[in-house]
Enquirer: 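Would you mind keeping the following structure in view while I ask a few things?
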Amino acid sequence: MNEELLPVDLHRLDPLLPDRFPQPRGPLLHAALPDGRRVSAACVVSRHPPGSIATLWSARWSCALFPLSGAATESAELRALVEVWRAELDRLSPPAQDSACEITWPSRDVDGTRVFLDHCLMPLTVLAVRTSDRTAPIPRASGTTVRRATPSDLDAAAEIALHETRYSALVGGTMLRPDHVELKRAGLRARLAAGAPVWLAERDGLPVGLAECSWSTVRSDDLESRLRPGTWGYVNCLSVLPTLRGGGVGSILMAAAHRHFTEGGASGTYLYYNPANPLSTVFWPTQGYRPLWTVWEVRPAAALR
Ligand SMILES: CC(C)(COP(=O)(O)OP(=O)(O)OC[C@H]1O[C@@H](n2cnc3c(N)ncnc32)[C@H](O)[C@@H]1OP(=O)(O)O)[C@@H](O)C(=O)NCCC(=O)NCCS
């Protein structure tokens, strides 16, 4: 496999990228370039059964491409791989409904952006990072208090989280499955039971906002991580009740989360947001986050051009 790797300097592209592209195991696709070189990519099909948490953000049948080469330096390599991927889809015959093709690519490689747009892939999600040395605006005073949530807060936390789920289903890849309420509750229940860092914002004693986070450790031998080795804070869900948005609640929650992760020695924090979300695309950069990876996706899978 190694002889097919081409040199790529991910750090020159973006100093926060890990040393190498994630390399999961999967059948390889090969493409020949006009100059005789060959480039390869792993093609990984995932099937998510009903009731699995991944069905909240992923199609039930999903085909992901993981180029092994340093295609970030030459868009011709990437274009050749996407063309072979398109041909492979005919062989795989993806379901007509609830299927997707996806590729996750360094956000700053705009040569790649051109290739993906030409093939009808959409920049549905970005993985954004914030390093711990970043400063954020001092939250406005708003009569809001923030406290760590406990398992007994499950009902209130789940209700607020579901506002985010419904909002994200309008602006990104979130799918409102018939069991989305139970799935969301189960995820939150597990985080709260594990003592994960989850905060509730309250006004007049009533819950108005939620920051659902966790710790994440990336080992140096982790071949699948999209982050540099270290300890990271992960923001899974930030949600404020619709009538109170724009009033500083989200900023106060994130100030508590960032303080917690910085004091705990995190290298930084990361999260996913949708480029079509008009609130988070303003909010997260203000909080010091910027895109690292972009998840390009097309649904259904056969719509890949
Ligand atoms: C994103 C979200 C959590 C931010 O919380 P918030 O309490 O609205 O955020 P704040 O009031 O602290 O800051 C909002 C910023 O967004 C912008 N904003 C302006 N009007 C706004 C409005 N009506 N609603 C939301 N944001 C607004 C402003 O830039 C504001 O920054 P400013 O304080 O410098 O003016 C909240 O809007 C929300 O729940 N959105 C729906 C769910 C969602 O998108 N979650 C994030 C998914 S990644």
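Both counts, for ligands and for their atoms, begin at 1 and track the order of listing.
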Enquirer: Do NZ/NE/NH1/NH2 and the carboxylate oxygens of D111 and R79 come within less than 4.0 Å?
Expert: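 So D111 does not pair with R79 through a salt bridge.
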
Enquirer: If we ignore hydrogens and angles and just use 3.5 Å, is the side chain of R130 paired with the main-chain N or O of R134 as donor and acceptor?
Expert: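 Side chain of R130 to backbone of R134, a donor-acceptor pair under 3.5 Å: yes, one is there.
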
Enquirer: Does the N or O separation between G248 and ligand 1 drop below 3.5 Å for any pair?
Expert: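 Looking only at distances, the answer is yes, because the N/O contact criterion of under 3.5 Å is met.
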
Enquirer: Does R226 make a cation-pi contact with F21, if we ask for NZ or CZ under 6.0 Å from the ring centre and within 45° of the axis?
Expert: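 Not flagged: R226 not positioned over aromatic ring of F21.
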
Enquirer: Can you report which non-hydrogen protein atom sits closest to atom 41 (C) of ligand 1, along with the distance?
Expert: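 Going by distance alone, atom 41 (C) of ligand 1 is nearest to R245 CZ, 3.4 Å.
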
Enquirer: Quiz question for you: does at least one protein heavy atom lie closer than 4.0 Å to atom 2 (C) of ligand 1?
Expert: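 Under the 4.0 Å cut-off, atom 2 (C) of ligand 1 has no protein heavy-atom neighbours at all.
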
Enquirer: Counting only heavy atoms on the protein side, is anything nearer than 4.0 Å to atom 9 (O) of ligand 1?
Expert: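 It does; a protein heavy atom is within 4.0 Å.
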
Enquirer: Could you check whether S239 and Y167, counting side-chain N and O atoms only, form a donor-acceptor pair closer than 3.5 Å?
Expert: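 The criterion, which ignores hydrogens and geometry beyond distance, is not satisfied for S239 and Y167.
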
Enquirer: Of the protein's non-hydrogen atoms, which lies at the shortest distance from atom 44 (O) of ligand 1, and what is that distance?
Expert: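 Heavy-atom neighbour on the protein nearest atom 44 (O) of ligand 1: N277 ND2, 2.8 Å.
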
Enquirer: Go through ligand 1 atom by atom and flag the ones less than 4.0 Å from a non-hydrogen atom of S239.
Expert: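 Heavy-atom distances to S239 below 4.0 Å select 39 (O).
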
Enquirer: Answer yes or no: does an N/O atom from F283 fall short of 3.5 Å to an N/O atom of ligand 1?
Expert: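 There is no such contact.
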
Enquirer: Closer than 4.0 Å to some heavy atom of Y273 - which atoms of ligand 1 meet that?
Expert: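 Those atoms are 48 (S).
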
Enquirer: Please report whether atom 32 (P) of ligand 1 has a protein non-hydrogen atom at a separation of less than 4.0 Å.
Expert: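 True for atom 32 (P) of ligand 1.
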
Enquirer: Whether R147 and D153 form a salt bridge (side-chain N of Lys/Arg under 4.0 Å from carboxylate O of Asp/Glu) is what I want to check.
Expert: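 Salt bridge flag = yes for R147 with D153.
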
Enquirer: Among all protein heavy atoms, pick the one closest to atom 19 (C) of ligand 1 and tell me residue, atom and distance.
Expert: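 Looking at atom 19 (C) of ligand 1, the protein heavy atom closest to it is G246 CA, 4.8 Å.
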
Enquirer: List the steps, then state whether ring-ring contact (aromatic ring centres under 6.0 Å, His included) holds for W232 with F261.
Expert: CA-CA 8 Å; W232 293 82; F261 287 124; over 10 Å; no

Enquirer: Which of the atoms of ligand 1 are close to G247, meaning less than 4.0 Å from one of its heavy atoms?
Expert: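 Checking each atom against G247, I get 11 (O).
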
Enquirer: Between V282, T286, T174, flag the one that comes closest to atom 17 (C) of ligand 1 by a heavy atom.
Expert: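 Looking at heavy atoms only, V282 sits closest to atom 17 (C) of ligand 1.
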
Enquirer: Do D222 and S225 meet the criterion of a side-chain donor-acceptor pair at a distance under 3.5 Å?
Expert: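 Side chains of D222 and S225: no pair found under 3.5 Å.
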
Enquirer: Distance-only, no hydrogens or angles: does the R259 side chain make a donor-acceptor pair with backbone N or O of M254 under 3.5 Å?
Expert: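 Such a contact is absent between R259 side chain and M254 backbone.
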
Enquirer: Using a 3.5 Å cut-off on N or O atoms only, is S251 in polar contact with ligand 1?
Expert: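 Yes, since at least one N or O of S251 sits under 3.5 Å from an N or O of ligand 1.
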
Enquirer: Under a 4.0 angstrom heavy-atom cut-off, which atoms of ligand 1 come close to Y272?
Expert: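 By the 4.0 Å cutoff, the relevant atoms are 48 (S).
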
Enquirer: Determine whether the aromatic ring centres of H119 and W296 lie less than 6.0 Å apart.
Expert: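 No, too far apart.
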
Enquirer: Checking contacts here: is it the side chain or the backbone of W284 that comes within 4.0 Å of ligand 1, counting heavy atoms only? Could be both or neither.
Expert: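 Within the 4.0 Å criterion, W284 contacts ligand 1 through side-chain atoms alone.
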
Enquirer: Do H48 and T55 pair up side chain to side chain, a donor and an acceptor below 3.5 Å, judged on atom types alone?
Expert: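 No, no side-chain donor-acceptor contact under 3.5 Å.
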
Enquirer: Just need the protein heavy atom nearest to atom 42 (C) of ligand 1, so name the residue and atom and give the distance.
Expert: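 The protein heavy atom lying closest is E164 CG, 3.9 Å.
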
Enquirer: One residue to check: L238. Relative to ligand 1, which of side chain, backbone, both or neither has a non-hydrogen atom less than 4.0 Å away?
Expert: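 Contact part for L238 vs ligand 1: both backbone and side chain.
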
Enquirer: Any donor-acceptor pair under 3.5 Å linking the side-chain atoms of S107 with those of T294?
Expert: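 The answer is yes; a qualifying pair exists.
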
Enquirer: Between G250 and ligand 1, does any nitrogen or oxygen pair lie at a separation below 3.5 Å?
Expert: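 Such a contact does occur with ligand 1.
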
Enquirer: Hey, any chance W105 and V295 share a hydrophobic cluster, counting ILVMFWY side chains that come within less than 4.5 Å of each other, even indirectly?
Expert: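 No, W105 and V295 fall in different hydrophobic clusters.
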
Enquirer: With a 4.0 Å cut-off, strictly under, does atom 36 (C) of ligand 1 pick up any protein heavy atom?
Expert: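 Yes; the ligand atom in question has protein heavy-atom contact below 4.0 Å.
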
Enquirer: May I ask you to identify the nearest protein heavy atom to atom 39 (O) of ligand 1, giving residue, atom name and distance to one decimal place in Å?
Expert: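 Closest protein heavy atom to atom 39 (O) of ligand 1: V240 N, 2.9 Å.
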
